[in-house]
Amino acid sequence: METITITTEFIRLQDLMKLGSIAASGGEAKQLIQDGQVRVNGEICLQRGRKLRPGDVVTYLGRDYTAAYAP
């Protein structure tokens, strides 16, 4: 599982995808989410603005990503 460090209380799904280089741009992230290719905590998520907090797991192409607060 790859950990993506955040400095805020939460991060929106499409922003996590951009920050973690899962998607090259916000437009690409939006398309991947709307196409049903992204899962959050095991369920397909179609909400690009979904708020993610540490502990939430994003899955794309069989790889898992999670957010963690900066130390």
Closest approach of [X] to [Y] (non-hydrogen atoms, all atoms of both residues):
X	Y	value
Ala70	Thr7	CB-CG2, 4.1 Å
Tyr65	Tyr60	CE1-O, 4.4 Å
Ile22	Leu16	CD1-O, 4.3 Å
Gln47	Leu13	O-CD2, 3.7 Å
Glu9	Pro54	O-CD, 4.3 Å
Val38	Val58	CG1-CG1, 3.8 Å

Legend entry - Separation between CD1 of Ile4 and NZ of Lys18, rounded to the nearest 0.5 Å: 13.0 Å

Legend entry - Spacing of CZ belonging to Arg39 relative to SG belonging to Cys45, to within rounding of 0.5 Å: 11.0 Å

Inset, instruction - For the residue pair Lys51 and Arg12, establish whether any side-chain heavy-atom pair is separated by less than 4.5 Å. - result: yes

Inset, instruction - For the residue pair Gln14 and Ile33, establish whether any side-chain heavy-atom pair is separated by less than 4.5 Å. - result: yes

Inset, instruction - Using atom types as modelled and distance alone, determine if a side-chain donor or acceptor of Thr66 lies under 3.5 Å from a backbone N or O of Asp56. - result: yes

Inset, instruction - Return yes when atom CZ of Arg53 has more than 12 non-hydrogen atoms of other residues, nucleotides or ligands closer than 6.0 Å, and no otherwise. - result: yes

Inset, instruction - Give a yes or no on this: more than 12 heavy atoms of other residues, nucleotides or ligands lie within 6.0 Å of atom NZ of Lys30. - result: no

Inset, instruction - Report yes or no: do Leu52 and Tyr69 belong to one cluster of Ile/Leu/Val/Met/Phe/Trp/Tyr joined by side chain heavy-atom distances under 4.5 Å? - result: yes

Legend entry - Transitive ILVMFWY side-chain link Leu19 to Leu61, under 4.5 Å: yes

